[in-house]
Asker: 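Shown below is the structure under consideration.
We're numbering straight along the sequence, starting at 1.
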Amino acid sequence: MDEIQEKLKVIAPATGEQIGEVSETPVNQVDRFYQKGKTAFKQWSNLTFSDRGKYLLTLKGIIVEEMDEIAKTIAADTGKVVTEALIADIMPTLDSIDHIINHGEKILLRKKVKTPLLLIGKKSFIEYMPRGVVLIISPWNYPFQLAMVPMLSALASGNTVILKPSEVTPLVGKCIEELFVKAGFPVGVVQVAHGGKEVGAAFTNGKPDYIFFTGSVRTGKMIQQVAAKELIPTTLELGGKDPMIVFADAHLERAAKGAAWAAFTNSGQVCMSAERLYVEKTIYPQFLSLLKKEILTLKQGTDEDADVGSMTFPAQKEIVMDQLEDALRKGAKLETGLLPGQWESGLFLPLTVVTNVSHEMKIIREESFGPLLPVIPFENEEEVIQLANDTVYGLNASVWTKDKNKARRVASKLVSGAVVINDAIISIANHGLPFGGTKQSGIGRYHGEAGLRIFCHEKAIVEDSGRKISEIHWYPYKGKFPLFLQLFKSYFRTNRDWVTFAITYLRILKKN
């Protein structure tokens with residue numbers, strides 16, 4: 001008798017209409033998923049990188065062919081506009097495949113490293129060994145890209161994958177599952193578990209070989225606690241409260257356009273959004289005017305020409321409202337947008353700029369993850385660095401100035417996983433760069449070389465020809481202590497005594 005499965009109802013956040021449903025994975029299937037993954041791992045991990053790459057290229061071709069439909073699915077499921085789905089979800093995924101195909105084999109190749117002179121006659125190498133079954137738990141804000149990129153890296157490295165996509169955007173999770181089936185990946189190499197928190201918790205407790213999580217700090221901490229009990233390694237990509245710093249000598253029109261995009265792209269639901277805008281006092285009124293003018297040109301909606309879509313997750317609307325109300329109660333001033341009591345029902349939120357804010361307000365201390373931008377004036381470089389670093393987060397930041405030396409100097413002093421100069425957010429689009437945060441923005445890095453190697457054990461290999469009958473550090477020790485003392489002193493002194501070193505080494509050899 002077939003098991004009855006619960007259904008996840010899919011509600012389009014932009015319209016409130018039900019647009020589908022997805023069968024939830026029963027939690028009693030967790031062991032079966034892991035067993036299938038472990039069985040598939042035996043064959044998948046033994047394929048050459050080139051053979052695994054062929055599967056990725058087939059997948060890429062299908063994504064390219066179905067790009068329009070995938071973009072529409074992402075837009076319907078998240079409420080974001082289709083152009084954003086194309087640019088920020090699909091394009092980085094395709095670019096990730098290209099980067100892996102072009103560089104992955106070299107990154108994961110056995111590498112020869114230097115061997116100390118004291119280990120004369122030996123060779124040293126590093127090998128990269130896949131971990132096993134990787135659990136990837138992905139979020140709802142970029143449900144395609146933030147699931148696919150770690151999946152692709154884990155698969156290319158020789159692991160099998162269980163994906164638990166967000167229950168907030170289940171159609172994208174189903175879309176991903178179908179793409180891998182169409183690409184002909186072997187059974188058990190990629191499995192998708194659909195469902196909510198209970199499903200996620202069950203798979204986290206299922207003892208995967210690695211956990212890759214993208215989401216909130218709160219959930220990340222819970223996953224880390226579970227993983228710690230079993231010593232399961234993790235990568236946690238968490239939240240941000242990213243500062244944007246505009247100096248008086250910046251290209252102000254460009255910076256204003258950049259601020260509007262960095263704050264409101266995907267309706268502000270980006271861990272790398274500009275959530276705190278610091279503007280040098282001498283140009284503060286002028287820049288604020290330029291910013292407001294830019295925001296007034298933006299169009300919210302669902303059609304192909306819209307700039308900003310709706311929020312995705314209803315609960316996030318309440319968080320944004322709470323932060324705005326807290327700020328207004330404490331004296332903040334509304335520059336654009338509406339008072340919370342004037343907001344319409346639904347998930348299209350007004351694009352809101354707030355001034356006269358302080359670092360004691362929730363709007364500055366807590367992640368907003370919505371279209372809410374506080375603007376703060378600053379006096380000088382030293383002050384703005386202190387303000388920018390005054391947060392528990394440290395994911396991304398941006399510095400805007402025509403002075404390259406100042407930009408680089410400030411960037412170096414910001415406690416952040418990434419800094420972009422005269423642009424924002426886009427460091428994540430370069431797959432040659434590591435991505436990840438400091439402080440409570442996460443643990444670990446992916447993208448770049450790290451993006452493949454995190455899914456592998458680093459194995460140290462030391463080779464000896466095996467021709468000698470003995471080694472100088474083997475037994476017997478009789479008479480060796482004074483000789484080793486002389487050997488190490490001659491070697492480790494500031495000016496090495498190579499003659500004494502060579503003579504002593506030969507005397508120790510004779511002791512064997």
Side-chain angles (χ1 to χ4, degrees), residues 49 103-131 153 157-158 209-210 224 227-228 231-236 385 389 394 405 408-419 432-439 441-512:
F49 183 90
H103 304 287
E105 189 164 19
K106 182 179 178 182
I107 290 169
L108 296 176
L109 203 62
R110 186 189 209 218
K111 287 179 174 51
K112 186 175 182 180
V113 297
K114 288 184 178 180
T115 303
L117 183 61
L118 292 170
L119 297 180
I120 294 170
K122 304 183 192 305
K123 295 178 182 179
S124 302
F125 304 88
I126 299 172
E127 286 186 359
Y128 297 95
M129 179 177 68
R131 294 180 182 273
S153 299
S157 302
D209 297 298
Y210 198 88
Q224 187 73 353
L231 295 180
I232 298 169
T234 62
T235 293
L236 304 178
I385 291 169
N389 287 335
N405 290 329
R408 292 169 180 171
R409 183 170 64 244
V410 172
S412 294
K413 292 180 179 179
L414 295 176
V415 183
S416 179
V419 181
L433 291 172
F435 176 79
T438 62
K439 298 188 274 190
S441 285
I443 297 172
R445 297 289 184 271
Y446 75 121
H447 289 211
E449 293 186 1
L452 292 170
R453 290 179 180 167
I454 60 166
F455 295 112
C456 296
H457 295 285
E458 281 192 328
K459 185 187 295 182
I461 306 287
V462 178
E463 290 182 3
D464 189 274
S465 65
R467 296 191 183 98
K468 292 183 295 182
I469 194 170
S470 185
E471 296 287 337
I472 64 169
H473 56 277
W474 290 0
Y475 301 131
Y477 285 163
K478 184 178 180 181
K480 285 185 178 179
F481 176 76
L483 293 174
F484 272 120
L485 203 60
Q486 191 172 28
L487 183 78
F488 295 154
K489 282 187 175 183
S490 66
Y491 183 79
F492 288 110
R493 64 188 300 175
T494 303
N495 296 311
R496 284 178 177 161
D497 183 348
W498 289 114
V499 174
T500 302
F501 177 86
I503 293 170
T504 307
Y505 187 88
L506 292 172
R507 288 177 65 191
I508 297 173
L509 274 179
K510 290 179 181 178
K511 289 283 184 183
N512 287 345

Asker: Any donor-acceptor pair under 3.5 Å linking the side chain of Lys439 with the backbone of Ser416?
Answerer: no
Asker: Would you say the side-chain atoms of Arg453 pair up with the backbone N or O of Tyr446, donor to acceptor, closer than 3.5 Å?
Answerer: no
Asker: Looking only at heavy atoms, which two atoms of Ile454 and Gly451 are closest? And how far apart?
Answerer: CG1-O, 3.9 Å
Asker: Are Tyr477 and Phe481 close enough that their ring centers fall under 6.0 Å?
Answerer: no
Asker: For Ser153 and Phe455, work out which heavy atoms get closest and say how close.
Answerer: CB-CE1, 3.7 Å
Asker: Using only atom types and a distance under 3.5 Å, with no angle test, would you say the side chain of Arg445 pairs donor to acceptor with the backbone of Phe435?
Answerer: no
Asker: Does Phe125 have any side-chain contact (heavy atoms from CB on, under 4.5 Å) partners at least two apart in sequence or in another chain, and if so, which?
Answerer: Arg110, Lys112, Lys123, Ile461, Glu463
Asker: If we ignore hydrogens and angles and just use 3.5 Å, is the side chain of Lys122 paired with the main-chain N or O of Leu118 as donor and acceptor?
Answerer: no
Asker: Between His447 and Leu433, is there a side-chain heavy-atom distance shorter than 4.5 Å?
Answerer: no
Asker: Where is the tightest heavy-atom contact between Ile443 and Gln224, given as atom of each residue plus distance?
Answerer: CD1-NE2, 3.8 Å
Asker: Distance-only check: which donor-acceptor pairs under 3.5 Å involve side-chain atoms of residues 499-512, not counting sequence neighbours?
Answerer:
unit_1 : atom_1 : unit_2 : atom_2 : d
Thr500 : OG1    : Asp497 : OD1    : 3.2
Thr500 : OG1    : Asp497 : OD2    : 2.6
Thr504 : OG1    : Thr500 : O      : 2.7
Asn512 : OD1    : Lys480 : NZ     : 2.7
Asn512 : ND2    : Glu471 : O      : 3.0

Asker: Are Phe484 and Ile472 close enough that some pair of their side-chain heavy atoms sits under 4.5 Å apart?
Answerer: yes
Asker: So do Glu458 and Tyr128 actually touch side chain to side chain, heavy atoms under 4.5 Å?
Answerer: yes
